[in-house]
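All remarks here apply to the structure that follows.
Numbering starts at 1 and runs along the sequence shown. No experiment lies behind these values; they were computed from the predicted model shown. Below, all heavy atoms of this structure are taken into account, side chains as well, without hydrogens, waters or symmetry copies.
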Amino acid sequence: MENMNIKILVVDDESRMRKLVKDFLAREGYTVLEAGDGMEAMDIFYEDKDIALVILDVMMPKMDGWQTCREIRESSKVPIIMLTARAEERDELQGFELGVDEYISKPFSPKILVARVNAILRRTLGNAGGDVIEAGGIVVDKAAHIVKIDGKPVELSYKEFELLSYFMENQGIALSREKILNNVWNYDYFGDARTIDTHVKKLRSKLGDKGEYIRTIWGMGYKFETD
């Protein structure tokens, strides 16, 4: 199967949960590594350099999901999906600040989890075709997952990258927050406008003076314009 060389690390203190997730991902052909807590996860993570995605449970003994996420982010931009039992917005916003890419709240449908994993990996592993978008001195190379501003590379999180790509693909079009949520966060993310606003704010600051290309349309959403 085509996914066989793709490794996914599943971190959850419930072995039943790990087995459920592992079975579904293995069916898709992924290689699944397991850890029962954050400390074990970090050992595996540091040992194995080619983990393509991490699925993290928030509530775990010894070292919880937040802490594990922080540690991973110190050295890697690998996509992280958080499994959360409490769908508290505060938690989710904290997670986005830390660089979590997706949230899936328990109980969830394994089919949805697999769909999210497939979608994220399709993008981060660059199977999206070598399309390069350019506007106003910003170059986004979707296949290589690189953003350059006036020739200098800029570090963006996975979600910031997606958001910028979406804006640039829709130049001059007013985009509602709902539309952005549906396209960048996908159908199963029940977030709210603040999630988008938080990300736009961070994206603008990373773009420096080109951040003003992302214009706020009051009461509606945003529009990307370079002129």
Side-chain angles (χ1 to χ4, degrees), residues 1-12 17-18 20-35 41 44-45 48-58 65-66 68-69 72-73 75-84 92-93 95-106 108-131 133 140-147 155-169 180-191 195-196 198-199 202-203:
M1 288 169 94
E2 60 182 325
N3 296 331
M4 266 200 32
N5 303 326
I6 300 177
K7 289 183 192 168
I8 295 176
L9 174 59
V10 176
V11 191
D12 196 314
M17 194 69 193
R18 289 200 308 270
L20 173 80
V21 172
K22 183 177 183 165
D23 289 349
F24 271 85
L25 291 171
R27 238 176 265 175
E28 292 284 303
Y30 294 113
T31 299
V32 179
L33 308 173
E34 294 179 64
I44 295 172
F45 190 78
D48 199 318
K49 289 289 173 250
D50 47 344
I51 289 168
L53 182 132
V54 179
I55 296 174
L56 261 184
D57 186 46
V58 171
W66 302 126
T68 311
C69 176
I72 290 173
R73 279 289 169 261
S75 63
S76 168
K77 291 200 301 220
V78 65
I80 294 175
I81 294 179
M82 277 282 202
L83 302 179
T84 165
E92 303 205 348
L93 286 169
F96 287 130
E97 290 289 328
L98 289 176
V100 173
D101 297 295
E102 287 287 348
Y103 268 94
I104 296 183
S105 47
K106 295 177 173 180
F108 57 84
S109 128
K111 278 202 196 83
I112 282 187
L113 178 68
V114 168
R116 301 301 320 115
V117 166
N118 289 341
I120 289 178
L121 289 174
R122 223 179 12 252
R123 291 180 173 136
T124 52
L125 298 173
N127 305 345
D131 40 352
I133 323 164
V140 173
D141 182 334
K142 290 181 82 172
H145 227 257
I146 292 170
V147 174
E155 292 279 318
L156 295 185
S157 75
Y158 167 71
K159 269 291 176 255
E160 288 160 0
F161 184 91
E162 297 255 281
L163 188 58
L164 179 60
S165 302
Y166 183 64
F167 278 142
M168 289 177 67
E169 282 163 353
I180 297 169
L181 262 183
N182 288 337
N183 284 278
V184 179
W185 274 266
N186 289 308
Y187 59 93
D188 58 355
Y189 177 75
F190 302 108
T195 303
I196 295 175
T198 306
H199 277 74
K202 287 171 79 176
L203 180 58

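- A distance of 3.5 Å separates OG of S76 from CZ of F45, quoted to the nearest 0.5 Å.
- Under a 4.0 Å N-O distance rule, the pair D12/R18 does not qualify as a salt bridge.
- Taking 4.5 Å as the limit, some side-chain heavy atom of L164 sits within range of a side-chain heavy atom of M168.
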Requested in this report: Step by step, work out the side-chain contact (heavy atoms from CB on, under 4.5 Å) result for S157 and K77.
Outcome: CA-CA 7 Å; S157 75; K77 291 200 301 220; over 6 Å; no
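- With respect to K142 and E169, a salt bridge is recorded, a charged nitrogen being found less than 4.0 Å from a carboxylate O.
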Query - Verdict with reasoning, V10 to K22, per side-chain contact (heavy atoms from CB on, under 4.5 Å) - result: CA-CA 8 Å; V10 176; K22 183 177 183 165; 5.7 Å; no
Query raised in the report: So I8 and T31, side-chain contact (heavy atoms from CB on, under 4.5 Å) or not? Walk me through it.
Result: CA-CA 6 Å; I8 295 176; T31 299; over 6 Å; no
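- Heavy atoms only, all atoms of each residue included: A26 and V32 are closest at N-CG2, 4.4 Å.
- For H199, the ring pair (Phe, Tyr, Trp, His ring centres under 6.0 Å) partners are F96, W185, not counting sequence neighbours.
- Looking at every heavy atom in both residues, I80 comes nearest to V100 through O-CG1, 3.8 Å.
- Residues E34 and I44 share a closest heavy-atom pair of O-CD1, 3.2 Å.
- The structure places CD1 of I81 at 5.0 Å from CG of L53, a figure rounded to the nearest 0.5 Å.
- Closest of all the heavy-atom pairs between A52 and L121 is O-CD2, 3.7 Å.
- Under 3.5 Å, the side chains of D101 and Y158 contain no donor-acceptor pair of N or O atoms.
- To the nearest 0.5 angstrom, R116 atom CZ is 9.0 Å from I112 atom CD1.
- Between the side chain of K111 and the backbone N or O of F24, no donor-acceptor pair lies under 3.5 Å.
- Among I55, V78, I72, L33, the one residue that satisfies the side chain to side chain contact (heavy atoms under 4.5 Å, CB included) test with L9 is L33.
- Here the CG-CD1 distance, from L83 to I104, works out to 6.5 Å after rounding to the nearest 0.5 Å.
- Counting only heavy atoms from C-beta outward, the side chains of L56 and C69 approach each other to under 4.5 Å.
- By the side-chain hydrogen bond (donor to acceptor under 3.5 Å, both in side chains) test, K202 is found to be paired with no residue, residues two or more places apart in sequence or in another chain being considered.
- Remark: F161 CZ to E155 CD distance equals 12.0 Å, nearest 0.5 Å.
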**Report entry** From CA spacing to verdict: side-chain contact (heavy atoms from CB on, under 4.5 Å), L163, I180
**Finding:** CA-CA 8 Å; L163 188 58; I180 297 169; 3.6 Å; yes
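- Taking every heavy atom of both residues into account, N118 and Y30 meet most closely at OD1-OH, 2.5 Å.
- Considering CG of D50 and NZ of K7, their distance stands at 4.0 Å, rounded to 0.5 Å.
- When all heavy atoms of S165 and I133 are compared, the pair lying nearest together is O-CD1, 4.0 Å.
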